[in-house]
Student: 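Here it is: the structure, laid out below.
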Amino acid sequence: MLALSSITILMVVGGFAAGAATKVSQASFGKTRDGVEVRLFTLTNDRGVEARIANYGGIVVSLKVPDRTGAMADVVLGHDSLAGYLDNPGPYLGALIGRYGNRIGHARFTLDGKQYTLAANNGENTLHGGLRGFDKVVWTPRELPDGGLELTYTSKDGEEGFPGALKVVVSYHLTGANELRIDYTATTDKDTVVNLTNHSYFNLKGAGNGDILDHLVTLNADRFTPVDAGLIPTGELKPVAGTPFDFRKPTAIGARIEQNDEQLKLGRGYDHNWVVNRKGSGLTLAARVEEPASGRVLEVETTEPGVQFYTGNFLDGTIKGKGGKVYNQRYGFCLETQHFPDSPNQPAFPTTVLKPGQQLRSTTVFRFRTSGAAKK
Ligand code: GLA
């Protein structure tokens, strides 16, 4: 599964070349409640674009990118200190997600004839790996010679109910082309299920600077996976045509979000998996988002079959983020590249089973550009 095509490998090699001028440095980010020191890594490319990543949860803490005039803004929601993340784990701001991204229905699945029971941490379902997913663990960091950051975590056999010791290696690279590239690999010693992603919330105006309803979104997807009341896919791959889920042409997030549509009501907005249109298994454009006032553009490419487009519906103004700014509902959007939710219980979905001897490989690129002429 998830083998990289030769096209992907070429692009990855290109990315390394472009990333050569990226510098990495580190500082303390405080201690966990158990007294473990966490490091904050700063990746800076030769255009001044900067990503800060903690080895707690692999969290992207900040990401500074230019607007069309060159003015920088931090475009991801987050906290100034580790304590902010420890105190507010609910939204998974910026974190790596595993062992299984999104939901597994009824907190159970059957693999090789055996039923596995997981923690139900979202109603009766399992969300984002359970009570202590990969967002809440300390990863082993390593600065790479090319300016990247590698994070390693080995999840024990039986951790959160999942079978098999799973070794996960994630690398972050900031390239000279203003791309944050995330490469995921995983290996296991027993058959298991895996779905890895990153849960960054973007606001291209800058984190905390209002809602994201005027951002123009394009999703390269003809179909999405509708959900039930627990946000578990029904199994249907539904055409987006004629629905508020049709983002095949650039459309403001807020244009239809309040429509009287059953799926929008269930998600309290967009909180669904889109089926990426793809030919082959290489990097494919999944999404493009443009913020018209600043001209900042985000393009998301992935080797994954799906993307969870989530519009921050559960943010409710109770969290104060960086600089004391309050994060209200719809102040950020996520594009969580992934296999489909609940795949372990949905035989018709692309498989998330990983077996000993196989290596899961997955890549997602968040590329920042600008559009339009500079305003006088
Ligand atoms: C995912 C889920 C949402 C929500 C967020 C975190 O995007 O699909 O329902 O749980 O994570 O708040």
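As the structure lists them, so they are numbered: ligands from 1, and atoms in each ligand from 1. The structure presented is a predicted model; accordingly, all values stated were derived computationally and were not measured.
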Student: What do you reckon, is CZ of Arg268 surrounded by more than 12 foreign heavy atoms closer than 6.0 Å?
Tutor: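 Check fails, neighbour count at 12 or below.
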
Student: Are any side-chain N or O atoms of Asp46 and backbone N or O atoms of Ala21, one a donor and one an acceptor, separated by less than 3.5 Å?
Tutor: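 Judged by distance alone, no pair lies under 3.5 Å.
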
Student: Name the closest protein heavy atom to atom 5 (C) of ligand 1, giving the residue it belongs to and the distance to 0.1 Å.
Tutor: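 Result: His199 NE2, 3.5 Å.
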
Student: So is Phe333 close enough to ligand 1, meaning a heavy atom under 4.0 angstrom away?
Tutor: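 Checking ligand 1 against Phe333, which is what was asked, there is no heavy-atom contact under 4.0 Å.
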
Student: Sort out for me which residue in Tyr310, Phe340, Phe309 forms a ring-ring contact (aromatic ring centres under 6.0 Å, His included) with Trp274.
Tutor: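 Exactly one pass, corresponding to Phe309.
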
Student: Between Lys114 and Asp112, is the closest basic N to carboxylate O distance under 4.0 Å?
Tutor: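 Not counted as a salt bridge, because no side-chain N and carboxylate O are separated by less than 4.0 Å.
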
Student: Which of the listed options, His128, Arg103, Gln338, Arg268, holds the heavy atom that is closest to atom 1 (C) of ligand 1?
Tutor: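 Comparing heavy atoms across His128, Arg103, Gln338, Arg268, the nearest one to atom 1 (C) of ligand 1 lies in His128.
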
Student: Assess the side chains of His215 and Glu290: does a donor N or O sit below 3.5 Å from an acceptor N or O?
Tutor: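 Distance-only check fails for His215 and Glu290.
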
Student: Which label fits Trp139 and Phe134: parallel for a plane angle under 30°, tilted from 30 to 60°, or perpendicular past 60°?
Tutor: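 Aromatic pair Trp139/Phe134 classed perpendicular.
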
Student: Which of the numbered atoms in ligand 1 are below 4.0 angstrom from a heavy atom of Tyr201?
Tutor: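 Selected atoms, number and element: 6 (C), 12 (O).
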
Student: Any idea which protein heavy atom is nearest atom 10 (O) of ligand 1, and the distance to it?
Tutor: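 Residue, atom and distance for the closest contact: Leu127 CD2, 3.3 Å.
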
Student: Which bit of Asn102 is near ligand 1, meaning a heavy atom under 4.0 Å away: side chain, backbone, both or neither?
Tutor: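 Contact part for Asn102 vs ligand 1: side chain (C-beta onward).
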
Student: If you take the nearest heavy atom of each of Val227, Asn122, Leu231, Asp271, which one is closest to atom 8 (O) of ligand 1?
Tutor: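 It is Asp271 that holds the nearest heavy atom.
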
Student: Among all the protein's non-hydrogen atoms, which is closest to atom 7 (O) of ligand 1, and how far away is it?
Tutor: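 The closest heavy atom on the protein side is Glu336 OE2, 2.8 Å.
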
Student: Answer with yes or no after comparing the ring centroid distance for Phe349 and His339 against a 6.0 Å cut-off, counting only values under it.
Tutor: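 They do not qualify: ring centres at least 6.0 Å apart.
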
Student: Numbering the atoms of ligand 1 from 1, which are under 4.0 Å from a heavy atom of Gln308?
Tutor: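 In order of number, 8 (O).
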
Student: Is it the side chain, the backbone, both or neither of Phe309 that has a heavy atom closer than 4.0 Å to ligand 1?
Tutor: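 None of Phe309 does.
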
